[in-house]
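Please read through the structure below; I'll follow up with questions.
In what follows, chains are A, B, ... by sequence order, proteins preceding strands, each numbered from 1. Fair warning: this is a prediction, and the values are worked out from it, not measured in the lab.
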There are 2 protein chains.
Amino acid sequence: MLQDPNIDSSLTKNQSLVLESLNDARGPLSAYSILDKLRNKGFKAPLQVYRALDKLTEFGFVHRLESLNSFIACKHASCDDSAATAFVICDSCEVVQEMSDISISNFMAVLANKASVKPIKSNIELHGICNDCEKK
Amino acid sequence: MLQDPNIDSSLTKNQSLVLESLNDARGPLSAYSILDKLRNKGFKAPLQVYRALDKLTEFGFVHRLESLNSFIACKHASCDDSAATAFVICDSCEVVQEMSDISISNFMAVLANKASVKPIKSNIELHGICNDCEKK
DNA sequence: ATGAATAATGTAATAATATAACATTTACTT
DNA sequence: AAGTAAATGTTATATTATTACATTATTCAT
Ligand SMILES: [Zn+2]
Ligand SMILES: [Zn+2]
Ligand SMILES: [Zn+2]
Ligand SMILES: [Zn+2]
């Protein structure tokens with residue numbers, strides 16, 4: 001084999017296929033729509049997708065959008081554990097912006113402190129109408 | 001009838017029953033666990049619960065926890081539309097704290113502005129381990 | 001009061017999302 | 001090569017949510 005077809009050689013075949021699907025998509029995908037896209041690559045059962053998504057999420061390559069029951073490839077070079085991320089979702093065109101800056105992490109740290117909770121994972125999703133859709 | 005049994009007389013019977021279930025619960029409930037609690041009050045189908053939850057959410061009496069696919073009664077006198085709310089969830093004991101102050105609203109307004117999006121609804125959920133569970 | 005319009009409900013069927021269980025294969029370590 | 005851990009294949013099932021359509025209750029103008 002001349003070249004590793006995986007984007008990241010540490011990924012397994014199923015993980016690579018799922019990540020490619022998400023990278024190719026212009027928006028978030030449900031697990032079952034990923035399954036449908038990968039049926040011609042041999043995928044037959046939802047668990048193949050969910051297992052790959054679990055790992056990809058663990059690695060930080062994929063995020064789950066809780067309010068949409070769907071998944072999206074990380075748009076950042078690396079969303080390490082310390083960096084909290086927020087998603088801004090247009091309810092009209094379904095475009096998702098992934099925002100990740102220190103002010104988000106700081107805000108969540110303050111919130112955790114106020115609530116006397118040791119933070120594990122934060123989930124911030126803002127639904128609205130994007131500029132382009134608003135103009136129409 | 002001497003007295004209206006509803007907490008809020010504007011609520012219908014099904015809405016009141018669902019809200020009472022959530023008020024009685026010590027944590028968030030799934031729609032199906034609400035259904036089970038209300039079978040002895042005549043509930044037979046999930047739609048009875050989901051329809052009541054839709055209205056209660058619209059009125060601001062109930063919030064949906066997206067990351068848990070579950071619902072919780074609002075702990076504030078009134079969570080009006082302008083006040084963003086954040087939920088802090090202990091992954092060990094499942095206690096949920098509802099936080100609502102102006103800094104949360106301000107933070108989401110800044111986020112919306114950065115993303116050039118007109119905000120509709122925000123969802124902030126922080127998972128962690130609460131003080132009590134941490135000590136154990 | 002009466003009838004039209006609106007809102008809420010009842011009920012059955014089905015769709016959409018996610019996991020459990022167990023056998024098999026592959027990759028890594030020694 | 002043998003042993004271990006990780007990943008995969010496959011079937012069945014659990015959980016969450018909605019569609020569709022008939023019925024009943026409430027509201028409001030006449
Ligand atoms: Zn990311
Ligand atoms: Zn848009
Ligand atoms: Zn509230
Ligand atoms: Zn706790």
Side-chain angles (χ1 to χ4, degrees), chain A residues 1 4-22 25 27-59 61-72 91 94 123 125, chain B residues 1 4-22 25 27-59 61-72 91 94 123 125:
Chain A
M1 194 184 292
D4 191 320
N6 292 348
I7 291 171
D8 180 323
S9 61
S10 75
L11 296 182
T12 67
K13 189 184 166 197
N14 285 3
Q15 289 161 13
S16 295
L17 287 169
V18 168
L19 184 54
E20 281 169 25
S21 297
L22 286 170
L29 297 178
S30 73
Y32 279 78
S33 69
I34 294 171
L35 174 58
D36 286 340
K37 284 177 189 298
L38 293 177
R39 283 194 192 281
N40 58 7
K41 299 267 171 63
F43 274 49
K44 288 181 181 167
L47 209 47
Q48 296 175 293
V49 177
Y50 282 108
R51 285 201 278 226
L53 287 172
D54 278 351
K55 283 294 176 187
L56 291 167
T57 302
E58 186 187 321
F59 300 154
F61 296 150
V62 164
H63 299 288
R64 180 185 160 81
L65 296 172
E66 302 288 355
S67 63
L68 297 177
N69 291 332
S70 64
F71 303 84
I72 192 164
D91 284 347
E94 303 205 314
N123 174 242
E125 296 173 19
Chain B
M1 194 182 290
D4 191 322
N6 291 349
I7 291 171
D8 181 322
S9 61
S10 74
L11 296 182
T12 67
K13 188 184 166 196
N14 285 3
Q15 289 161 13
S16 296
L17 288 169
V18 169
L19 183 53
E20 281 169 27
S21 297
L22 287 170
L29 297 177
S30 74
Y32 277 78
S33 68
I34 295 170
L35 174 59
D36 286 340
K37 285 176 189 296
L38 293 177
R39 283 193 192 282
N40 58 6
K41 298 268 172 67
F43 273 50
K44 289 181 180 167
L47 207 48
Q48 296 175 294
V49 177
Y50 281 109
R51 286 201 277 226
L53 287 171
D54 279 352
K55 284 294 175 184
L56 291 167
T57 301
E58 185 186 320
F59 299 156
F61 296 148
V62 165
H63 299 289
R64 181 187 160 80
L65 295 172
E66 302 289 354
S67 62
L68 297 176
N69 291 332
S70 64
F71 302 86
I72 193 166
D91 284 348
E94 303 205 314
N123 175 240
E125 296 172 19

T12(A) side chain near dT8(D) phosphate (N/O to OP1/OP2, under 4.0 Å): yes
N14(A) side-chain N/O to dG9(D) phosphate OP1/OP2 under 4.0 Å: yes
Where chain A begins and ends its contact with DNA chain C, read 5' to 3' at 4.0 Å from heavy atoms: dT17(C) to dA21(C)
F59(A) CZ to dA7(D) P, straight-line distance once rounded to whole Å: 6 Å
Distance in angstrom units between R51(B) CZ and dC21(D) P, rounded: 14 Å
Value in whole Å for how far the P atom of dA17(D) lies from CG of L35(B): 13 Å
Nucleotide dA14(D), atom C1' - distance to CG of D36(B) in whole Å: 13 Å
Side-chain touch N69(B)/R64(B), heavy atoms, less than 4.5 angstrom: yes
5' priority, DNA chain D, between F43(A) and N69(A) [closest heavy atom]: F43(A)
Value in whole Å for how far the P atom of dT10(D) lies from CD of Q48(A): 7 Å
L65(B) vs N123(B), side-chain contact (heavy atoms from CB on, under 4.5 Å): CA-CA, chis, key distance, verdict: CA-CA 8 Å; L65(B) 295 172; N123(B) 175 240; over 6 Å; no
Phosphate contact (dA7(D) OP1 or OP2) by K13(A) side-chain N/O below 4.0 Å: no
Protein-nucleotide distance (K44(A), atom NZ; dA12(D), atom P), rounded to Å: 14 Å
Chi angles and distances behind the side-chain contact (heavy atoms from CB on, under 4.5 Å) call for E125(A), E66(B): CA-CA 10 Å; E125(A) 296 173 19; E66(B) 302 289 354; 5.6 Å; no
Earlier contact from the 5' end, DNA chain D, for A45(A) and K55(A): K55(A)
Contact nearer the 5' end of DNA chain C, comparing Q15(B) with L47(B): Q15(B)
Salt bridge R39(A)-D36(A), side-chain N to carboxylate O under 4.0 Å: yes
Side chain to side chain, V18(B) and L38(B), heavy atoms closer than 4.5 Å: yes
Validation row: Q15(B), T12(B) side chains within 4.5 angstrom (heavy atoms): yes
Side chain to side chain, L11(B) and F59(B), heavy atoms closer than 4.5 Å: yes
